Student: 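To start, I am sharing the structure in question, which I have written as structure tokens.
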Amino acid sequence: MNGSAGMEEEAETNNPREKLQRKKNAILVDGVILNGPVADSKVGEKFVEEASRIILEEVIKKAADVTEKVCEWQPPEKLKTLIDLELKETGETHQKLLQLCQDVIRFSVKTTSATSQGCCEDKRRAAAVYTALSSSEEDHPRFFNQLYAGIDYYSLAARFITEALNPSVYTYEVSPVFLLVEEAILKKMIEFIGWEEGDGIFNPGGSVSNMYAMNLARYKYCPEIKERGLSGMPRLVVFTSEECHYSVKKAASFLGIGTQNVYFIKSDARGKMIPEELEKQVQRARKEGAAPFFVSATAGTTVLGAFDPLDEIADICEKHDLWLHVDASWGGSALLSRKHCKLLQGIHRARSVAWNPHKMLMAGIQCCALLVKDNSDLLKRCYSAKASYLFQQDKFYDVSYDTGDKSIQCSRRADAFKFWMTWKALGTTGLEERVNRALALARYLVDEIKKREGFQLLLEPEYANICFWYIPPSLRNMEKGHEFWEKLHHVAPIIKERMMKKGSMMLGYQPHRDKVNFFRQVIISPQVSREDMDFLLDEIDSLGRDL
């Protein structure tokens, strides 16, 4: 582990006996020690408290002071020298992170100004806000229900800052710091995808990223559609895996392509798209006189955590001149791990990628990026409406920094800042450790499931999704025929109800294809430990043993 104040460290205990016991019971998986949480909550809480004090003094109290400047103006290139935007291998020190908070606030536009008449009331309100900020609670380490979990203290402090400043990220004049932060973080994400250059934008959700990509691909295929609309256009066809996220179908509906023109490609038993089936469906669409233009591959499917074979899919896309988009909303974070980045082999050949740092990297909902390989202002050409009251071309600064015209939104949250602050605090190495630990915990849980009576894996996972059945004692000697599977189908919902009402943990379940209801455990948070994995299996057995 790195020694900076921003890095995750092994949580210490003041009890020598407990220390010794933990050391004796240490579990090592893939080079990662899994005993106890690694996030030092005291360090994180201290940072949030001190950052909250800065927000109180520099934003909230000064909001009512009309003698304060609305902005501390600096041109883009100068501001880049005044704020350390660089994302490094190791995390910054505690004091450096607090200084960054002060710098961000100092050079951001103060949108919350008020008249001095309400000064006393504003200060009372500010004190109440500070109390709320500095006493924030941790997320529970036994929430496993979705593809997000846990708390990142640095992202949390960043959210407090943006909530207090209330920026909208469309022009440099109103959001100078946050536009530069977004530029820096997009550049770093593009680097990890493996592109030499590119473009991108943060937007509200991976579903929106997928829609952006589909519309961008359609615009590239037929630019006239922006002005002429759908009339006279050929029947456009989209291809995606039958294991894809449902947002691909929604995007086709929303964009007027039509859900019947989404060709779902068969997947293998592990949930991966079968390239040969994609080739067949592309040929079929051409024979039907349709116009294939877009393939959405998935890197980390929602249920099974499967990664499509990107290189083979890219070969087909290049052969037929199709836009390859990779929905890596869930699996994209594996790119930061030298051990696990091979899961996304070939992603550099995609033309666009969706990646959600609010999932595995815990940047806080919502934090979602669409990355685009094209660096010729394709995003802006596709989405620009040239609003003259917002994107004037005769401003006194370089208007290329007014990036809002490449968004379908007008007002836009400063979501990139949360991820930037987390990366600053942990460094690339710390983010890599976060991914490696989650997948090591997944491996530990899989091994425990195999050892325990009454637990059965659906398949060997390749990511942090562990899918398994719990078979109560009453079913363990029953022949696995129709009656067995019918009875097992009702087990997970009952256990879920019991755990929810007890409040001990939260775990998702679902049926899938021909499989009856099973549990899907997803591991993300660094607050989660090996002890939590043991508890999860013990608790399921306790809640379901009588069924």
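As the structure is a prediction and not an experimental result, all values here were calculated from the model.
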Student: Any chance you could lay out the side chain to side chain donor-acceptor pair (under 3.5 Å) test for Ser352 and His325, step after step, and finish with the verdict?
Tutor: CA-CA 5 Å; Ser352 58; His325 170 68; 2.8 Å; yes
Student: Do Leu445 and Leu537 have side-chain heavy atoms sitting under 4.5 Å apart?
Tutor: yes
Student: Is Lys342 atom NZ crowded by more than 12 heavy atoms from other residues, nucleotides or ligands, each under 6.0 Å away?
Tutor: yes
Student: Taking only Lys NZ, Arg NE, NH1 and NH2, and the carboxylate oxygens of Asp or Glu, determine whether Asp377 and Lys406 approach each other closer than 4.0 Å.
Tutor: no
Student: Looking at Glu68 and Lys110, is any side-chain nitrogen of the basic one under 4.0 Å from a carboxylate oxygen of the acidic one?
Tutor: no
Student: Restricting to non-hydrogen atoms, name the atom on Tyr383 and the atom on Ser407 that form the minimum distance, rounded to 0.1 Å.
Tutor: CB-O, 4.0 Å
Student: Hey, would you say the Tyr463 and Trp330 ring centroids sit under 6.0 Å apart?
Tutor: yes
Student: Is the shortest side-chain N to carboxylate O distance from Glu49 to Arg53 below 4.0 Å?
Tutor: yes
Student: Can you list every pair that meets side chain to side chain donor-acceptor pair (under 3.5 Å) and has a residue in residues 168-177, with sequence neighbours left out?
Tutor: Glu173-Lys395
Student: Starting from the C-alpha separation in whole Å, work towards a yes-or-no answer on side chain to side chain donor-acceptor pair (under 3.5 Å) for Asp534 and Tyr444.
Tutor: CA-CA 10 Å; Asp534 292 339; Tyr444 172 81; 2.7 Å; yes
Student: Could you tabulate the donor-acceptor pairs under 3.5 Å formed by side-chain atoms of residues 181-191, not counting sequence neighbours?
Tutor:
| from | atom 1 | to | atom 2 | distance (Å) |
| --- | --- | --- | --- | --- |
| Glu182 | OE1 | Arg412 | NH2 | 3.0 |
| Glu182 | OE2 | Phe202 | N | 3.2 |
| Glu182 | OE2 | Arg412 | NH1 | 2.7 |
| Glu183 | OE1 | Lys80 | NZ | 3.2 |

Student: Between Glu163 and Arg413, is there a salt bridge with N-O shorter than 4.0 Å?
Tutor: yes
